[in-house]
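Throughout, protein chains are lettered first and strands after them, A, B, ... in sequence-line order, and every chain is numbered starting at 1. Because the structure is predicted, anything quoted here is derived from the model rather than measured.
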Number of protein chains: 2
Amino acid sequence: MLFFIQAGACMTDGILTIADRIHNKLDDMTRAERQLAHSILENYPASGLGPLAALAKVANVSVPTVARMVQKLGFKGYPDFQAELREELKATVQNPIAKHDTWAEGAPSGHVLNQFTDAVIDNIRHTLAQIDPDKFDEACEMVADQSKPLYIVGGRVSHTLAEYLFLHTQILRPNVTHIQSTSNAWPHYLLDVGPGDVFVIFDVRRYENNTLKLAEMAHARGAKIILFTDQWRSPVHQLAEISFSGRIVVPSAWDSVATLMLLVESMIAAVQNVDWDDTKDRMEQLEDMFDQTKLFRKFT
Amino acid sequence: MLFFIQAGACMTDGILTIADRIHNKLDDMTRAERQLAHSILENYPASGLGPLAALAKVANVSVPTVARMVQKLGFKGYPDFQAELREELKATVQNPIAKHDTWAEGAPSGHVLNQFTDAVIDNIRHTLAQIDPDKFDEACEMVADQSKPLYIVGGRVSHTLAEYLFLHTQILRPNVTHIQSTSNAWPHYLLDVGPGDVFVIFDVRRYENNTLKLAEMAHARGAKIILFTDQWRSPVHQLAEISFSGRIVVPSAWDSVATLMLLVESMIAAVQNVDWDDTKDRMEQLEDMFDQTKLFRKFT
DNA sequence: TTCGGCCTGTTACAAATATAACAGAATTCT
DNA sequence: AGAATTCTGTTATATTTGTAACAGGCCGAA
């Protein structure tokens, strides 16, 4: 009997998919089996993930035919077959670039760099998939709205993100304040807060009590809150108008804020576009001032 | 509590996917349910297609919790839930174009989020490809070496990265100093610098004169420099023992530090592994101190 | 602090699902 | 053409799997 390997039909890691294995054995099969095989491949892998009886029915074969064929394919039983099918699906759904590709060439795939990068890319994928673009746009407009004061709040670790956003929004618009919830001085800032003021709050685990209290007080005064948090969500999210939760798990004792950094930078980019003429004007002024202070070298 | 339907999160035929439905109800859920929900979304839809008990196990919840939640989502039972999941999968596989080319599903591919994410992922790939893992390891060891003082230096924008690295290395080892080159006080710090001291310097465009001067003086005193810079390389790189250059171009008026953030986080992860016992010890001490100050909520 | 309600997990049962054994139909070889 | 072999479907059984009822535990209110 003829036996050929489908070129390109195998997975990157060299293990044949179930579809491949079925294809390869197709010629060896009997009528009923072939009928069944085609039915499986028809809408692969969904049909194989249902109950055995259902599959037998759509293929118009008897129940034991399915069971027998699955065993002929080398599985212990139908559940075993399904389990591998699910594994396959899991691998497929995951970003094809992220996996199966070593990032830093020459580094063993177990190297921290690779592991970390894989995790971060994965985080980005999951995070972005869950974000509602409309809500994102809305948040950007709130941040861009110069008629309302803008407050940016960060905690111990997330302070870094807050400061980064502050640094840039400060250039884009007036009336921006950076508050560190770790500082005792934060209540002072709340004195002037009124209805409609906009708060951008960063809070990732471990969630900070100070940040929550600050959020509560701001909320009580009628301020609107935009929250950047992690997948488990800071308690602040109950007070927030809009919240974005990023995945932050990485192979490390700590979490990763790289994903949130990406969101923040995207937001900066979006905000600068809301009123580009104004932005441009302010940036040019800043350039002039830098030139005068001679703080920076000319860009070569 | 605020409740919004994700616009654009629906499938082409206008029916919400199960993932969407879960996402929408996320706020209404209890602890165990949320835990389960995340587990389902983690590798969707594969995990939901297995037996109920398996899903419960990976999510670390009890079997009935799964059954109950599925009913709360509006399904007659778990098999019903699985059936719809399979239908969804079938539909997904049939139009393979739509997926994976837009990150935030439902957002037009020209949306800032997508453009930005594409750019960042691209940056990560290019950056990682150029990094020599051996040099990276070497740098990590230098940072981990407790026998030598460690100085971390950042400029106006890169200060954010410097501070983030500082925040974590401070936990990992003693004798770490954070210097802001934008501050006038930096020359004071150099008084104590001697041969073999380690400097981690961040400098991205526009390169700062202060940072360069600081690097020159440190170098003159025999310090070793590790540099994080961008693809065009800060002039500091001529003085640096090891330098890492990240791609930072994004569709924005500014550059993106997300790639460099990833490198920094990888470095932190690597450093903590150099002497894990010591790291663990210091972290536990820190935890104790946090507990005493009651600054943070217990993680739920 | 104590009470009530709600969430969560353990146990027990019912239903479904998969496998094994058997018997009839189709096919092939002599 | 007839017998042997292989394939296929029906029935029966064992196992898995999902669901319902119950009870402990946690949190918030009084």
Side-chain angles (χ1 to χ4, degrees), chain A residues 1 18 22 25-40 45-87 207 209 212-213 216 232-235 237-239, chain B residues 1 18 22 25-40 45-86 294 297-300:
Chain A
M1 107 108 255
I18 293 180
I22 293 175
K25 289 214 171 185
L26 216 55
D27 294 326
D28 275 342
M29 289 179 181
T30 63
R31 182 203 40 89
E33 282 177 342
R34 207 166 8 241
Q35 206 171 314
L36 170 61
H38 280 123
S39 195
I40 294 174
S47 47
L49 290 164
L52 190 151
L55 180 56
K57 198 176 172 189
V58 297
N60 261 313
V61 294
S62 71
V63 166
T65 301
V66 180
R68 276 191 286 260
M69 173 160 133
V70 160
Q71 289 183 340
K72 277 191 190 170
L73 285 170
F75 297 98
K76 208 187 153 202
Y78 190 72
D80 189 36
F81 165 78
Q82 284 190 317
E84 191 155 327
L85 219 47
R86 280 195 300 273
E87 279 306 310
Y207 312 120
N209 280 330
L212 179 58
K213 279 183 195 147
E216 277 165 354
W232 302 282
R233 294 192 170 188
S234 148
H237 90 269
Q238 292 175 336
L239 308 167
Chain B
M1 140 102 287
I18 293 179
I22 294 174
K25 288 214 171 186
L26 216 57
D27 292 325
D28 282 342
M29 289 179 182
T30 62
R31 196 237 342 133
E33 283 176 342
R34 203 162 14 235
Q35 207 171 314
L36 170 63
H38 278 121
S39 195
I40 295 174
S47 48
L49 291 164
L52 190 152
L55 179 57
K57 198 176 171 190
V58 297
N60 259 311
V61 296
S62 70
V63 166
T65 301
V66 181
R68 278 191 285 259
M69 174 160 133
V70 161
Q71 290 183 341
K72 276 192 192 169
L73 285 170
F75 298 98
K76 206 185 155 202
Y78 191 72
D80 188 35
F81 164 78
Q82 284 190 318
E84 192 157 327
L85 219 47
R86 280 196 299 273
K294 292 185 179 162
R297 327 202 112 209
K298 281 282 176 196
F299 172 60
T300 50

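- One finds the CZ atom of A/Arg233 at 10.0 Å from the CD atom of A/Gln238 (value rounded to the nearest 0.5 Å).
- At distances below 3.5 Å, at least one donor-acceptor pair connects side-chain atoms of A/Gln82 with backbone N or O atoms of A/Gly50.
- Side-chain nitrogen and oxygen atoms of B/Gln71 include at least one within less than 4.0 Å of the OP1 or OP2 phosphate oxygen of D/dA20.
- Of the charged side-chain nitrogens involved, at least one lies within less than 4.0 Å of a carboxylate oxygen, so that A/Lys72 and A/Glu33 count as a salt-bridged pair.
- Counting to the nearest Å, the P atom of C/dC6 and the NZ atom of B/Lys72 are 11 Å from each other.
- Between the C1' atom of D/dG18 and the CZ atom of B/Phe75 lies a distance of 16 Å, rounded to the nearest Å.
- The distance between atom CG of A/Leu52 and atom P of D/dT15, rounded to the nearest whole Å, is 18 Å.
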Can you name the atoms? Protein N/O to nucleotides 9-11 of chain C N/O, anything below 3.5 Å, with the distance.
{"unit_1": "C/dG9", "atom_1": "OP2", "unit_2": "B/Ser62", "atom_2": "N", "d": "3.3"}
{"unit_1": "C/dG9", "atom_1": "OP2", "unit_2": "B/Ser62", "atom_2": "OG", "d": "3.4"}
{"unit_1": "C/dG9", "atom_1": "OP2", "unit_2": "B/Thr65", "atom_2": "OG1", "d": "3.2"}
{"unit_1": "C/dG9", "atom_1": "N7", "unit_2": "B/Arg68", "atom_2": "NH2", "d": "3.1"}
{"unit_1": "C/dG9", "atom_1": "O6", "unit_2": "B/Arg68", "atom_2": "NH1", "d": "3.4"}

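- Between B/Ile40 and B/Met69 the shortest side-chain heavy-atom distance falls below 4.5 Å.
- Atoms CG and CG, on A/Asp80 and A/Leu73 in that order, are 11.0 Å from each other to the nearest 0.5 Å.
- Regarding A/Asp80, its CG atom lies at a distance of 16 Å from the C1' atom of C/dT17, rounded to whole Å.
- Comparing D/dT8, C/dT17, D/dT19 against the side chain of A/Pro51 picks out C/dT17 as the nearest.
- Checking C/dA18, C/dT8, D/dT19 against every side-chain atom of B/Pro79, the shortest atom distance belongs to D/dT19.
- A/Glu33 places its CD atom 18 Å from the P atom of C/dA26, with the value rounded to the nearest Å.
- If you take CD on A/Glu87 and CD1 on A/Ile18, they are separated by 10.0 Å, rounding to the nearest 0.5 Å.
- If you measure from atom NZ of A/Lys57 to atom P of D/dT8, you get 21 Å, rounded to the nearest angstrom.
- The distance between atom CG of A/Leu36 and atom P of D/dG9, rounded to the nearest whole Å, is 10 Å.
- Between the P atom of C/dA18 and the CZ atom of A/Phe81 lies a distance of 11 Å, rounded to the nearest Å.
- Note that the CD atom of B/Glu84 and the NZ atom of B/Lys76 stand 14.5 Å from one another [nearest 0.5 Å].
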